[in-house]
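Each chain gets a letter, A, B and so on, in the order its sequence line appears, and its residues count up from 1.
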Amino acid sequence: MCRRVPSAHGSRVEGYPVGEGRCLQARRPSGFRQSAVFSPAMSSNPNQQPYPDVDPRPSYPAIEREILARWKEEKTFEQSVANRPAGKNGSNEYVFYDGPPFANGLPHYGHFLTSYAKDAVPRYQTMRGRRVERRFGWDCHGLPAEMASEKELGISGRQAIQDHGIGAFNEHCRSSVLKYAGEWESYIDRMARWVDFEDDYKTMDLSYMESVIWAFKQLWDKGLLYEKHRVMPYSWAAETPLSNFETRLDNSYRPRQDPAVTVTLTLVPQDGDQGVPHKILIWTTTPWTLPSNLAVAVGPDIDYAVLEQDGVRYVLGAATVGKLQKQLAGAEEVGTVKGRDLVGRSYEPLFPYFADQENAFRVLGADFVDTEEGTGIVHMAPGFGEDDQLICEANGIEVVVPVDDSGRFTEEVTDWVGINVLEANKPIIKHLKEAGALVKHETYEHNYPHCWRTDQPLIYKALGSWYVRVTDFRDRMVELNQEIRWIPEHVRDGQFGKWLEGARDWSISRNRFWGTPIPIWKSDDPAYPRMDCYGSLDELERDFGVRPKDLHRPYIDELVRPNPDDPTGKSMMRRVPEVLDCWFESGSMPYAQVHYPFENKSWFESHFPGDFIVEYVAQTRGWFYTLMVLGTALFDRAPFRNCICHGILLEPSGERKLGKRYGNYSSPDEVFETRGADALRWYMMSSPIMRGGNLRFDSGDTGLGDVTRLVINPIWNAFYFFTLYANIDGTRARFRTDSEQLLDRYILAKTRELVETVGAKMDAYDLAGTCQEITSFIDALNNWYIRRSRDRFWGAEATQEKQDAYDTLYTVLVTLCKVAAPMLPFITDAVFTGLVGEGSVHLEDWPDAENLPANHALVADMDRVRDVCSVTLALREEHGLRTRLPLASLTVAGRDSARLESLAHLMRDEVNVKAVELTEDLEAHATFVLAPDRRLLGPKLGKAMKAVLDATRSGDWTLHDDGTVTAGGQVLDAGEFELRLESKEGETSSALPGNDAVVVLDVVVTPELAAEGWARDLVRKIQQARKEADFAVTDRIELAVDVPEGCVAAVKTHEAYIKEQVLAETLTYGSPSDGMFTVETTLGEGALTLGLRSTAG
RNA sequence: GGGCGUAUAGCUCAGUUGGCUAGAGCGCCGCCCUGAUAAGGCGGAGGUCCCAGGUUCAAGUCCUGGUACGCCCA
């Protein structure tokens, strides 16, 4: 290869601060020496260089801050939206739904991950020409907001909130729920997520809430709502039910001692009892629920023992008899009975309070019953146990709940009215003992949930709740789900699909304060029942005479009117106390954010479903699900078309997810200000987390640094390389795709393929795949195209060939910036504007592949050449032949190897050989190896396959003239095998990947070749010394060399070459003179001394 | 306790309808190349494909049963 850089430029570029500026540049805050990023193109002024000076080692965070400022100043985001027409009736809009976060905490890396995806896809679609409005959403209601407010106000529990005043409490929620909105905004901004905060939506807005009650009313009108009692964890101390979330908080479950009692129930006699009284044994750790007992359950397949003692027969699980040895001492086993044979029998109520209850006091069958604990016969109090409730309900037994909000017995339980249920355990046990029903009383220690606020044990208690009849349209959801594209695909029929199949009715009411109120008004006198549901402010105004300015409690509760169905005029219509589950609100986002149907009616109807949403995979149970339920119930549509489910971020050990309460991550500011937001974006977008996997994240780890080193730096370096030489030459490049130069044609064709593949990946929402394509392109660009094209940029004359190189590199870089813009919005915009001089890459159209030449054959041939070079370098390595040592020839033997003719000079240069021979004469250089097609032959041959494979390995096979092969006693037809090449023994050769060609290297080193090798080694050493001496690339030098004896002749032979290469004006032999920059090193096995002096002055 | 998912090199992950000696990137070691590059090339070390059974000519891949971890539900 011919290195003419210094000489080429030395003669005519004086005055350009090529090398000298470096230390200065490094101290600059951004990538440009001047604020070129803001300046328009300078090409109009011939006295100035065409491109900004680029810092080879820039601070990316500083570049990002500059770009941010420019976007703000030029309103680039707003322009990018406004430039794209909405089209007729919004037909050109791409609809993105933003899943609203809570803003009562700071955002963390998990939010950034989602936000990056929420930004990348809309950026891409915008470049594709679509108009993508991006409204930010805030989730404002719900328990987290209430809990935070209770804490801040120093109050706890429902009663305390009511004492404080619901109005004041809700005001506090309203003001604190967006406490961190400002921080959110600045982080989102810093990470280059483009989203509209001005025109945001909040679930607590009046318009939003009106749409939510509209949706509620729709369900009501469709008969999809009902009210029912359901058992929930309940804190009697705080007078509130708790969500599952709350019962899972740390320290919620802890050991507690409770009484465990075994009690008898007397069966109503029936035929077959032989006149002997029969009693069944039940066991419970909550004696206070016994007054509410309405049934017992047995396992149909469980064996029950019948024991007789003192003329009474006791029935209990056969496996549990041992537990009551003492109590049943002397009892005689008189038989066993299957649970199913007990089902249907009745027994005497233990307490009289609910003796009239229909269908009650019977033995029921239930699969969940076992004999691990208790007697194998389970006491059922449907008001206080979920299983109890389900089984009883299925058997027509209504729930009774004789316990009030504060956990005390109501008047129904006359004996203990007003007593806290837990305190009532003792007197109840005493009563049972006196009644002769108590068989055993022990103390039982178990893990039991406690209220995290009051520290008191929870109870389970049925509470009224409103439900959406999801089971009615579950099958339709399953159908509609098939229309959605899920990333990763398996979510559709896996996590989400299965969840839909098993969907249960959805409890949508909460006994809370801060939320959209359930818009139902009920008569307060059961004698005159009536219920009204309201779905708009208009409807409320019509009936109540006032138009609410705020739908929140307590104002909404003030709307009361006489019951129209009550002729006495005494009963009133009052709102039910509950508010809606906040998931109902976020699931209403598609229509509520635009105040449908009160406004934007036709827009919504033509823009539903949305095109794209992305959240973490657990939202299959959250937002994705509630969107689906409401979309199906209200519109009979799947609510979104494409959905990315990303995984979760784990701490470096992989043990826990990143979480605020673990404190296991560092400040995002640190990452933004050291690595930059683009590095973080690429790191996250390129990872398997975008395909549903998890990602161990360590902000201090090499992963982020690798992105800078392997993705961002190479792009920047290509840009730096281009501007460096274009400025030296004063050349302004233009967008051109018609260069005839080989390497140009190659990289242009490669760029076309990049545009096509990245477009396809982005269209498939494969963000990680997009990153892969870009990475491999960057490799081809930097490590092949630019490296192999360098000398064209170095040439002294302004040739067409050189202009082609500039134009092509410019064209490729501009295109690369566009293609990578969604994934690296900052760096691509800095490079793009540096090249083009104005505008923003984000205002550009997606490149049209048709504008770039297609030439797949050339791309493939070039890849072939790179393979040849790899294999050849491996051969050199194997034979200890350093690359600087020229060799006589390289032979590529293979079918169609002549195709590489036009690329031979690249191979020659790359692997340093004098000649490249291309031949089809395989036999001369290679032997054949049989490779049977296992997929084809396996099923056909079966067991005989083994013999064929053995023969293949041993080489014991024969090729026939008709193209068939015999191996292992089997005849293989053409097409059932391949013949692959292997290099011949004794030759310095190696097969190419794919095994259809071999490379043979001539390893004979003649004295001439050796001498040239020494000369090149010496040049290399001198260049190294120049660098160490900190000479400018263009500096001329005086040179003294003291070379080992054996090399002197070689150096003298190539003296002219050496002097030219290292810009030496003079070359003397012997020790360096005083004042020269001196280097002691080696050349070959001998000592080498170099002396250099710059003549630049 | 139930459901879903995951388990492959030091790390992060590919691995198609079962089919060649299980791959990539990063990291590590050695060599090479290097005046745009914080880069690049070649080679090496590094694997009981979580475990145990089974099906098959052939299993990382399919089946059964475990184990560990994650998520969800109870």
Item to check | Side chains of A/D779 and A/W784, donor plus acceptor under 3.5 Å | outcome: no
Roughly how far apart, to the nearest Å, are [N] and [M] at atom [atom1]?
N: B/U61; M: B/G15; atom1: C1'; result: 9 Å
N: B/G23; M: B/G47; atom1: C1'; result: 12 Å
N: B/A22; M: B/G60; atom1: P; result: 10 Å
N: B/C13; M: B/U6; atom1: P; result: 13 Å
N: B/U64; M: B/C73; atom1: P; result: 27 Å
N: B/U34; M: B/C42; atom1: C1'; result: 15 Å
N: B/A39; M: B/C26; atom1: C1'; result: 15 Å
N: B/C4; M: B/G44; atom1: C1'; result: 42 Å

Between [N] ([atom2]) and [X] ([atom1]): distance, integer Å:
X: A/Y616; N: B/C4; atom1: OH; atom2: P; answer: 20 Å
X: A/L500; N: B/C73; atom1: CG; atom2: C1'; answer: 15 Å
X: A/I786; N: B/G35; atom1: CD1; atom2: C1'; answer: 15 Å
X: A/D909; N: B/U34; atom1: CG; atom2: P; answer: 12 Å
X: A/N912; N: B/C31; atom1: CG; atom2: P; answer: 20 Å
X: A/R1016; N: B/C33; atom1: CZ; atom2: P; answer: 8 Å
X: A/W682; N: B/C26; atom1: CH2; atom2: C1'; answer: 15 Å
X: A/R884; N: B/C31; atom1: CZ; atom2: P; answer: 14 Å

With heavy atoms under 4.0 Å as the rule, sort [X] into base, sugar-phosphate or nothing.
X: A/D387; value: nothing
X: A/R876; value: nothing
X: A/F1031; value: base

Next on the checklist: Using the ring centroid of each side chain, check whether A/F624 and A/W486 are separated by less than 6.0 Å.
Outcome noted: yes
Next on the checklist: Tell me if the centroids of the rings in A/Y810 and A/Y806 come within less than 6.0 Å of each other.
Outcome noted: no
Can you identify which nucleotide, out of [options], has its nearest atom closest to the [X] side chain?
X: A/K1027; options: B/A74, B/G35, B/A36; result: B/G35
X: A/N713; options: B/A38, B/G35, B/A36; result: B/A38
X: A/R882; options: B/C32, B/U34, B/U37; result: B/C32

Checklist outcome for this item: Comparing A/E386 with A/N717, nearest RNA chain B nucleotide closer to 5' gives the residue A/N717
Checklist entry - Is A/D678 reaching over with its side chain to a backbone N or O of A/I827, donor-acceptor style, under 3.5 angstrom? => result yes
Next on the checklist: Any side-chain to backbone donor/acceptor pair from A/D1035 onto A/S1094? Under 3.5 Å, distance only.
Outcome noted: no
Item to check | A/Y60 side chain reached by A/N713 side chain, heavy atoms, under 4.5 Å | outcome: yes
Checklist entry - Tell me, do A/W682 and A/I774 make a side-chain contact under 4.5 Å, heavy atoms counted? => result yes
Checklist entry - What string of B, S and - do you get for nucleotides 40-45 of chain B, 5' to 3', if B is base contact, S is sugar-phosphate-only contact and - is no contact with any protein heavy atom under 4.0 Å? => result SSB---
Checklist entry - Cationic tip of A/K461 within the cone over A/F384's six-membered ring, i.e. under 6.0 Å and within 45° of the normal? => result no
Checklist entry - Does the distance from a Lys or Arg side-chain N to an Asp or Glu carboxylate O, for A/R882 and A/E877, drop under 4.0 Å? => result no
Next on the checklist: Is there a salt bridge (charged side-chain N to carboxylate O under 4.0 Å, His left out) between A/E1028 and A/K1021? Walk through the geometry before answering.
Outcome noted: CA-CA 10 Å; A/E1028 287 166 18; A/K1021 298 283 184 184; over 6 Å; no
Item to check | Base-pairing string, 5' to 3', of RNA chain B - Watson-Crick or wobble, under 3.5 Å, | interstrand | outcome: (((((((..((((.....[...)))).(((((.......))))).....(((((..]....)))))))))))).
Next on the checklist: Run the ring-ring contact (aromatic ring centres under 6.0 Å, His included) test on A/F722 and A/Y51 for me, step by step, so that the C-alpha distance in whole Å, both residues' side-chain angles and the decisive distance to 0.1 Å come before the verdict.
Outcome noted: CA-CA 9 Å; A/F722 172 84; A/Y51 296 97; 5.1 Å; yes
